[in-house]
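Report on the following structure.
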Amino acid sequence: MKKGIKIVTIGGGSSYTPELIEGFIKRYDELPIRELWLVDVDEGKEKLEIVGSLAKRMVEKAGLPIEIHLTLDRRKALEGADFVTTQFRVGLLDARMKDERIPLKYGVIGQETNGPGGLFKGLRTIPVILDIVKDIEELCPNAWLVNFTNPAGMVTEAILRYSNHKKVVGLCNVPIGIKMRIADGLGVDASRVQVNFAGLNHMVFGLDVFLDGESILDKVIEDMANPDSSMSMSNIKAIAWDPDFLRGLGAIPCPYHRYYYKTSDMLEEELRAAETEGTRAEVVRSLEKDLFKLYKDPNLTIKPPQLEKRGGAYYSDAACSLISSIYNDKRDIQTVNTLNNGAIASIADDSAVEVNCVITKDGPKPISVGDLPVTVRGLVQQIKSFERVAAEAAVTGDYNTALVAMTINPLVPSDTIAKKILNEMLEAHKEYLPQFFNSVEV
Ligand code: G6P
């Protein structure tokens, strides 16, 4: 008989790790973890030690027999794992800052997961995750990989398309965040609310909303249309939606849709922020500094509330519920990134989508939504093309493919600007993009 679960978290030195620990502690009865391995790279060693010590104190305070291991040796950690979670940032926050600042010079949105920034985060991340997946196939082939590393949709797409490991789920807190905010707005417990989500990561729509089984979509749209109740998340400025636009759209957009539907307002806001408090990476750098100062305190034994200033609210709930539902074959409904398999008619069966799924011991089973409404279908398809071409560029290191990915992204206005941004960003991120520099002259 199995003695308990072994979980490995790659990017374990992340400031988000206490979220995860809190979630595991809360669910220990249903998810008896025996070992949690926090893995990081050399540059993350100090953070790993600080956050790892806090994790140990949290577990000890809870009186639970979870062993916490800290290591820089990924292969050693992966041996015999049941679940692997990934939450790393190739190039750390410096790379994110470049992703956010360089496009702004050309009048284009600079964002962690959208537009040129999302493309470059994908180009840096995909080869690394595919390497991790190779280790998983060799050292723990039965393990489920739960990926939070952004851009989570593109990363899930790349793993499904370019590896043989099919036990992968991409996870994001956007759907659960929307659901919680709707429940808060209605003043009801979230368990009474169901949202039919469909689309892609950071491109997901609520196609219908139910309270106790009855559709309340129109009411929620009216609530969102009220400029005072504009829903967002801490990392995205809650610029109010146009009420008539929302009514016409007939679906609930996610906070990231502001970059597409309110591009000029968001650009103006980003340019303002870049000149004043800094881009989000710079704000996060300072938040992280404060967080790690708190984490170092030997008397701290809980997740500090200051972590809520990051964009990852409910992230531990999403992650730990998913792992528990797979482990316990719960067959509840959660929104995750998985193989489409016909769930969304207008997206290829073999692509990754973000959609409501029944979570079983054999993984997520997507619930069919038929086709997307014509109001949102085109943009979703366009982003899917972008993700697929971007994933191909990440794997091949082909310049022309990367240029096509950049140009077909709806936030980039022309091939001329795409090329300028591409060239500058390739140079800026050279160190993390070896696949482009063995064969390409820029
Ligand atoms: C949300 C998104 C995540 C993203 C995060 C950024 O949670 O769903 O994908 O990583 O925001 O938050 P940050 O505090 O790093 O800006």
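In each ligand, atom 1 is the first atom listed, and ligand 1 is the first ligand listed. Owing to the predicted nature of the structure, the values given are computational and were not obtained by experimental measurement.
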Evaluate side-chain hydrogen bond (donor to acceptor under 3.5 Å, both in side chains) for T85 paired with T9, printing each intermediate quantity in order. CA-CA 5 Å; T85 70; T9 297; 2.9 Å; yes
Contacts for ligand 1, heavy atom under 4.0 Å, by chain and number, are Y16, R96, E112, N150, C172, N173, V174, H202, M233, N235, Y256, R280, V284, R310, G311, G312
*Could you walk me through whether T338 and E354 pass the side-chain hydrogen bond (donor to acceptor under 3.5 Å, both in side chains) check?*
CA-CA 7 Å; T338 189; E354 188 165 281; over 6 Å; no
Notebook entry, point to check: Closest heavy-atom contact between D349 and G342?
Noted result: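 Here D349 and G342 meet closest at OD1-N, 3.3 Å.
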Qualifying salt bridge (charged side-chain N to carboxylate O under 4.0 Å, His left out) pairs, either residue in residues 290-300, two or more places apart: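 Every pair satisfying salt bridge (charged side-chain N to carboxylate O under 4.0 Å, His left out) with a residue in residues 290-300: there are none.
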**Message:** Suppose we call two aromatic rings close when their centres sit under 6.0 Å apart. Are Y259 and H202 close by that rule?
**Reply:** no
#### Entry: Donor-acceptor contact present, side-chain E19 to main-chain Y16, <3.5 Å
no
